[in-house]
Amino acid sequence: LYAQDLGFRPEGVVIFSLAGSPSDRTPAAMAAVERAARERVLAVPGVISASFSGIIIFSPSDIGAPFTIPGGESAEPLTARYNSVSPGYFETLGMTIVEGRTLHEQDNHVDAPGAAVVNESFARRFFPRGAVGRSFNFGAGERRETVIVGVVRDAKYNSFRTAAKPLFYLPYAKMTRTLRSLEVRT
């Protein structure tokens, strides 16, 4: 296990599991709490980067979301794992963007156009001819169009022994369930 490639750089990273949420759980309020808390953490001396996410890495959670691909071959919804993350998530964990870009601050607003970063497994399975610039629709009821802006290298996510599964990352403001994890690189 020591010699395997994790897909991220754990050296210098501390991950905090969080409990509790603000009383106002509207997406705008939750996104504002996330932004303010991240700014405060980034102001701490010695902190290089920080991020929040809805699911803590290496948790047993295996949450999947149904989605469709416009013009896709399948009439049935497809399913992939997902996580909502703040800007700086990939940089903080030391994950490598292999195509396109990471999620930026302008993506992390409730009213911003839908953007996502997908892992290599997602790109290979659902967009074998290239994922960046392609879109998918997800969500219950009113489906939201989401454009893939980047592809991140596959990483171990739930277990050191399990291969990567298709996964997409949304800006936190687009999926504000809870703030479950604070990741800090020092």
Side-chain angles (χ1 to χ4, degrees), residues 5-8 15 17-19 21 25-27 30-31 34 51-90 92-93 95-100 102-103 107-108 110 112-183:
D5 182 7
L6 301 176
F8 63 93
I15 300 175
S17 179
L18 306 174
S21 290
R25 294 184 45 91
T26 62
M30 292 286 287
E34 177 274 320
S51 62
F52 283 93
S53 60
I55 300 172
I56 191 169
I57 194 166
F58 288 104
S59 78
S61 180
D62 202 16
I63 295 174
F67 68 94
T68 58
I69 298 172
E73 297 173 6
S74 176
E76 295 295 315
L78 306 164
T79 302
R81 299 168 70 219
Y82 71 94
N83 197 358
S84 54
V85 301
S86 71
Y89 179 80
F90 304 107
T92 300
L93 290 180
M95 298 172 82
T96 303
I97 299 293
V98 296
E99 185 181 354
T102 188
L103 295 171
D107 300 317
N108 196 35
V110 175
V117 170
V118 302
N119 71 356
E120 291 172 309
S121 292
F122 186 102
R124 271 192 308 273
R125 180 164 179 196
F126 302 114
F127 298 99
R129 287 184 231 127
V132 173
R134 302 285 305 273
S135 64
F136 62 94
N137 298 317
F138 87 99
E142 179 186 331
R143 294 204 174 265
R144 295 172 270 186
E145 182 179 21
T146 303
V147 176
I148 299 168
V149 298
V151 177
V152 67
R153 195 163 145 240
D154 279 344
K156 300 293 183 180
Y157 215 76
N158 289 98
S159 164
F160 291 118
R161 292 179 170 85
T162 305
K165 296 178 182 177
L167 172 67
F168 62 91
Y169 301 88
L170 301 169
Y172 178 76
K174 295 294 188 177
M175 183 67 70
T176 57
R177 293 185 322 260
T178 59
L179 289 171
R180 290 274 165 93
S181 177
L182 165 63
E183 302 87 19

- Query: Which value, rounded to the nearest 0.5 Å, describes the distance between F90 atom CZ and S51 atom OG?
  - Reply: 9.0 Å

- OG (S86) and CG (L182) are apart, to the nearest 0.5 Å, by 8.5 Å

- Task: Would you indicate whether the side-chain heavy atoms of N137 and P70 approach each other to under 4.5 Å?
- Result: yes

- Item | Side chain to side chain, F136 and I148, heavy atoms closer than 4.5 Å | yes

- Stepwise side chain to side chain contact (heavy atoms under 4.5 Å, CB included) test for V117 and F168: CA-CA 6 Å; V117 170; F168 62 91; over 6 Å; no

- Item | Partner residues of Y169 under the side chain to side chain donor-acceptor pair (under 3.5 Å) criterion, sequence neighbours left out | none

- Query: If you measure from NZ on K174 to OG1 on T146, what distance do you get to the nearest 0.5 Å?
  - Reply: 8.0 Å

- Look at the side chain of S53 and the backbone N and O of V85, then say whether any donor-acceptor pair between them is shorter than 3.5 Å. no

- Note on the structure: Looking only at heavy atoms, the pair that brings L170 and A115 closest together is CD2-O, 4.0 Å

- For A155 and A164, work out which heavy atoms get closest and say how close. O-CB, 3.9 Å

- What residues, two or more places apart in sequence or in another chain, satisfy side-chain contact (heavy atoms from CB on, under 4.5 Å) together with P87? R38, E105, N108

- Please name all residues satisfying ring pair (Phe, Tyr, Trp, His ring centres under 6.0 Å) with F126, sequence neighbours left out, ordered by chain then number. F67, F122

- Query: Which heavy atom in L78 sits nearest to a heavy atom in I69, and how many Å separate them?
  - Reply: CD1-CD1, 3.8 Å

- Just wondering, do S181 and I15 contact through their side chains at under 4.5 Å, heavy atoms? yes

- Task: Check side-chain contact (heavy atoms from CB on, under 4.5 Å) between E120 and all other residues, then give those that pass, not counting sequence neighbours.
- Result: V98, R124, V151, R153, D154

- Item | With sequence neighbours excluded, residues passing side-chain contact (heavy atoms from CB on, under 4.5 Å) with T79 | none

- Message: For a side chain to side chain contact (heavy atoms under 4.5 Å, CB included) check, start with the C-alpha distance between V149 and V132, then their side-chain angles and the critical distance, and finish with the verdict.
- Response: CA-CA 5 Å; V149 298; V132 173; 5.9 Å; no

- What closest approach, in Å, do A80 and P166 show between heavy atoms, and which atom pair accounts for it? CB-O, 3.8 Å

- Contacts of P128 that satisfy side-chain contact (heavy atoms from CB on, under 4.5 Å) - sequence neighbours left out: none

- Are M95 and Y89 close enough that some pair of their side-chain heavy atoms sits under 4.5 Å apart? yes

- Message: Would you say E183 and T92 are linked by a side-chain donor-acceptor pair, where the criterion is simply a distance under 3.5 Å?
- Response: no

- Item | N/O donor-acceptor pair under 3.5 Å between D107 side chain and G114 backbone | no

